[in-house]
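Please read the structure below before turning to the comments.
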Amino acid sequence: NNQVHTLKPNDQLIFNKQTRKIELTQTDASRSALWTTGRLSFVDATFDQISRDLERRYDVTIQIAENTIKNEVFSGSLDMNLSLKEVLTYIDVDKKFAIHQHGDTLLIERKK
């Protein structure tokens with residue numbers, strides 16, 4: 001199955017290894033370019049958007065249990081040389097998430 005996609009500025013192709021499907025999404029290319037500096041900066045980014053960047057960087061799958069968590073908005077800058085646990089601790093400054101890891105999959109839900 002040879003698909004041809006023409007990308008425009010700020011387009012992003014994501015290949016899902018499990019489903020073997022390609023998804024075309026929009027991204028902020030200037031933000032993505034910050035990977036070359038070892039930092040990820042974001043302004044008013046949802047946790048769902050940030051988690052996609054973390055999945056690529058740390059080669060994990062992040063499942064977010066609730067839409068209220070997915071849609072929480074964050075602004076900040078992360079040092080991508082930190083461990084995934086350190087990054088998630090930084091994001092969860094209010095300590096309201098429960099994070100469960102099974103292999104390379106993380107489930108994030110609200111603490112009960």
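Heavy-atom basis, side chains included; hydrogens, waters and symmetry copies ignored.
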| task | Taking the side chain as every heavy atom from C-beta outward, state whether Leu40 and Asp79 have any atom pair closer than 4.5 Å. | result | no
| Shortest non-hydrogen separation from Asp48 to Ile64 and the atoms involved | CA-CD1, 4.1 Å
| How many angstroms lie between CD in Gln101 and CG in Asp104, if you round to the nearest 0.5 Å? | 8.0 Å
| Test item: Ile99 and Leu107 side chains (from C-beta on) under 4.5 Å apart, heavy atoms | no
| query | Do the non-hydrogen side-chain atoms of Glu66 and Arg110 ever get within less than 4.5 Å of each other? | reply | yes
| query | Which heavy atom of Lys17 sits nearest a heavy atom of Arg20, and at what distance? | reply | O-CG, 3.5 Å
| query | How far does CD1 of Ile108 sit from OG of Ser51, to the nearest 0.5 angstrom? | reply | 7.0 Å
| message | For Asp53 and Phe42: C-alpha separation, side-chain torsions, deciding distance, then whether side-chain contact (heavy atoms from CB on, under 4.5 Å) applies. | response | CA-CA 11 Å; Asp53 288 330; Phe42 44 91; over 6 Å; no
| query | Does a sphere of radius 6.0 Å around NZ in Lys111 hold more than 12 heavy atoms from other residues, nucleotides or ligands, not counting ones at 6.0 Å or beyond? | reply | yes
| request: Run the numbers on Tyr90 and Leu82 for side-chain contact (heavy atoms from CB on, under 4.5 Å), then give the verdict. | output: CA-CA 10 Å; Tyr90 174 81; Leu82 297 173; 5.8 Å; no
| N-O pairing of Arg52 and Glu23 below 4.0 Å | no
| Are any non-hydrogen side-chain atoms of Thr61 and Glu55 less than 4.5 angstrom apart? | yes
| query | Is a side-chain donor or acceptor of Arg39 paired with a backbone partner of Met80 at a separation under 3.5 angstrom? | reply | no
| Distance in Å, Arg57 CZ paired with Leu78 CG, rounded so as to fall on 0.5 Å steps | 11.0 Å
| request: Just jot down the ring-ring contact (aromatic ring centres under 6.0 Å, His included) partners of Phe47, sequence neighbours excluded, or say none. | output: Phe74, Phe97
| With a 4.5 Å limit on heavy-atom distance, are the side chains of Leu54 and Ile62 in contact? | yes
| said: Within the structure provided, determine whether Thr105 and Val60 are in side-chain contact (heavy-atom separation under 4.5 Å). | reply: no
| Can you list every pair that meets salt bridge (Lys or Arg N to Asp or Glu O under 4.0 Å) and has a residue in residues 80-94, with sequence neighbours left out? | Asp94-Lys96
